[in-house]
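Worksheet: the structure to be examined is printed underneath.
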Amino acid sequence: MPLRAWGDKGHRVVSTLALRSLPEGPKAWFAGREADVCDHASDPDHWKSDRKEGPRHFLDMEPYGDPGHLPRTLEEAYAKVGGGYYQLGVVPWIIQDRWRDLVDAFRSGDAARVGFATAILGHYIADAHVPLHTTTNHDGQFTNQRGVHSRWESGLVERHIAAEDLSVPPARADEAFVTRPWDWLRASHALVPQLLEDDREADRTSPQHDRGRSRTPAYWMIFWNKQGPVVKRQLELGGQHLGDAILNAWISAGRPPCPPRPQE
Ligand SMILES: [Zn+2]
């Protein structure tokens, strides 16, 4: 079963928050197109029949050792771990590539293209904020917690999250924006041990034979009480960082005004 970070709902929430964070200049490009951005925010999860797509959604950090010394380029990744680097994930580099696509889209003057590029960039930025997208133990398979990936990013989100309850600060200009994905990934990775511990603790409330795919109401209550604030925070950060990405792409493109809409 393919891993689908955040599920559809989480990706929609991140897009919604990001558009809400924008100042007038870039915001005008999305007027009337907000729903399109949300509708396409999960598209990359549907591209995984292409074998190269899967690793674009994560970065397994442990093989690189100290999270403070992650490779910054694909050449560095290759130098550290050899030819298997691609299978360890390439999400920070894909974020850089898709961000440049968004800069090009702003330069092209095509608002539909800007909307689509934003949706795709937003997908990978959102994935970088899922703690289990930064670890080789991505589905709890090494700690007898299989399924924790979807319990966290879909189970909790589907049950409890609404974009109206989340907030996001105004997008910020940042000249070093393209270096930021590594900071987000390090911060996400630091959340992994507690996430796994909280899943185990929630599980201790129900007997082993009750631990089906859906878990018991007691499990969900405890897991939400422990991890709910983390889920909310990571969605808010995903939205904030996508907002920053859009603003900085628009600035890099020369702050283009939104072209007038064709007459209907
Ligand atoms: Zn994904």
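As the structure lists them, so they are numbered: ligands from 1, and atoms in each ligand from 1.
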Side-chain donor-acceptor pair present, H123, D43, cut-off under 3.5 Å:
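Side chains of H123 and D43: no pair found under 3.5 Å.
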Can a side-chain donor-acceptor contact be found between H160 and D165 if the only test is distance below 3.5 angstrom?
no
**Message:** Regarding H57, does it place an N, O or S atom less than 2.8 Å from the Zn ion (ligand 1)?
**Reply:**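 Short answer: yes, at least one N, O or S atom is under the cut-off.
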2.8 Å cut-off met by an N, O or S atom of H123 to the Zn ion (ligand 1):
yes
Need the atom name: nearest N/O/S atom of D127 to the Zn ion (ligand 1).
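When I compare the N, O and S atoms of D127, OD2 is nearest to the Zn ion (ligand 1).
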Q) Any idea which N/O/S atom from D45 gets closest to the Zn ion (ligand 1)? A)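 Relative to the Zn ion (ligand 1), the closest nitrogen, oxygen or sulfur of D45 carries the name OD1.
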Mind checking whether H138 and F58 have parallel, tilted or perpendicular rings, split at 30° and 60°?
->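 Parallel.
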By side chain to side chain donor-acceptor pair (under 3.5 Å), Y219 pairs with (sequence neighbours left out) R151, D199
